[in-house]
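Structure first, commentary second.
Any value given below was found using the heavy atoms of this structure, including those in side chains, with hydrogens, waters and symmetry copies removed. Quantities reported herein were computed from a predicted structural model and do not represent experimental measurements.
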Amino acid sequence: MKTESTSKSESIVFIFCTSLGLGYALVNHFILDKPKTELLLEMICLFMLSIASWQRKKNIK
């Protein structure tokens, strides 16, 4: 059974991991000129979903 602190820490870890992936995709796309559009779009979607999930859990309480 998940506790409140476990759920919160999972959200924070997921946001951290997706922000790292998004940063990697943005550096590849704009700085290194090695565009991987699919990776960039996937990471943007995952980041937005993780933020939305975190906000939803925060507002339910």
- request: Could you grab the distance from atom CE of M48 to atom CG of L22, nearest 0.5 Å is fine?
  value: 10.0 Å
Hydrophobic cluster membership, F30 vs F47, 4.5 Å side-chain cutoff: yes
Interatomic distance, I51 atom CD1 to R56 atom CZ [nearest 0.5 angstrom]: 15.0 Å
- line: CG of L26 to CG of L39, rounded to nearest 0.5 Å, is 9.5 Å
statement: Nearest heavy-atom contact between M43 and A25 is CG-CB, 4.4 Å
message: How close do K36 and H29 get, counting heavy atoms only, and between which atoms?
response: N-ND1, 4.1 Å
- request: Give a yes or no on whether the backbone of F14 and the side-chain of T18 come within a donor-acceptor separation of less than 3.5 Å.
  value: yes
message: Measuring from atom OH of Y24 to atom CG of L40, what distance do you get when rounded to the nearest 0.5 angstrom?
response: 12.0 Å
message: For the NZ atom of K58 and the OG atom of S53, what is their distance to the nearest 0.5 Å?
response: 12.5 Å
